[in-house]
Amino acid sequence: MRVAVVGHTEWVRFAQVPRLPRPGEIVHASRGWDDVGGGGAVAAVQLARLAGEVSFFTALGDDRHGRAALQRLQALGVRVHAAWRPEPQRLAFTHLEASGERTITIIGPRHAPHGDDALPWDELAGMDGVYFTAGDPAALRAARAARVLVATPRARDVLTASGVELDALVRSASDEGERIAAGELSPAPALDVATDGARGGHWTAAEGRTGTWTAAPLPGPVADAYGCGDSFAAGLTHGLGSTGSVEAALELAARCGAACLTGAGPYAAQLRLEG
């Protein structure tokens, strides 16, 4: 399997708290740490753990946080192709509640790779699967050269402007920011996948087939939900690229989301394929 991610990253401060503070209240974190995060980065690490290697096409702020993100991604086994931006690296602050919920505050604009950045875009033509979270239309067209292209609706402006057909759009059924109206994407994605947490989710194929799946059993106690959706998307990309089967891809994706839920932060418990 040859896989890649085209997208964004953030430098994240995590704080484990018993619950979110009420307005004006102070809460004490039991643990705090910094790590690389964001949908593109989390999916890239999960794909590296599924496929053995992954290429990540991204853009980073040319400051200490951007350089820390690069070093951490490389330490996590990701082959990073980064365009450097003069603006500061995008930051995030994430509360991780005892219930497992995560609440995120973003600081700064998203850095996205562009098709005219001096990155090895030709490599994408040899990929079995690419997951797209951010970029310009030229970057999306380069990603379309892969055999399977999966994207998030968080990149909706680029998706609607490009006219590129997706093999799959993966989104949260409960997130207003990820809803896509009928006809909003033209051509329509071949597969629309909507996740619904512990209830599993449902899918619709362009030719009219529909289906559902159930959530995978948790391999351990719940830790936090940060990165679960991005890990699911990575599993879906790997599954569609390796088998072409919707059902098999969703089974793998569900296992990836469940595994991530049992680790503190995005990387502690991500799924690894045996062999």
Taking the side chain as every heavy atom from C-beta outward, state whether [X] and [Y] have any atom pair closer than 4.5 Å.
X: H65; Y: L91; result: yes
X: L47; Y: F56; result: no
X: F132; Y: R144; result: no
X: V150; Y: L166; result: no
X: E123; Y: S55; result: yes
X: E10; Y: I106; result: yes
X: M127; Y: R147; result: no

Quick one: closest heavy-atom pair of [X] and [Y], and the distance?
X: G115; Y: D136; answer: N-OD1, 3.0 Å
X: G163; Y: P187; answer: O-CD, 3.4 Å
X: V42; Y: Q270; answer: O-NE2, 3.3 Å

Original post:
If you draw a 6.0 Å radius around CZ in R19, do more than 12 non-hydrogen atoms from other residues or ligands fall strictly inside?
Top reply: yes
Original post:
Any chance CD of E53 has more than 12 other-residue heavy atoms, nucleotides or ligands included, within less than 6.0 Å?
Top reply: no
**OP:** Would you confirm whether the ring centroid of W33 sits within less than 6.0 angstrom of the ring centroid of Y267?
**Re:** no
**OP:** Establish whether F232 and V148 are linked, either directly or via other cluster members, by ILVMFWY side-chain heavy-atom contacts under 4.5 Å.
**Re:** yes
Original post:
Do D128 and R2 meet the salt-bridge criterion of a basic N to acidic O distance under 4.0 Å?
Top reply: no
**OP:** Let me know which of R85, Q89, R67 forms a side chain to side chain contact (heavy atoms under 4.5 Å, CB included) with D62.
**Re:** R67
Subject >> Donor-acceptor pair between E178 and S172 side chains, under 3.5 angstrom >> reply: no
Subject >> Distance-only side-chain donor-acceptor flag, T133 / H8, under 3.5 Å >> reply: yes
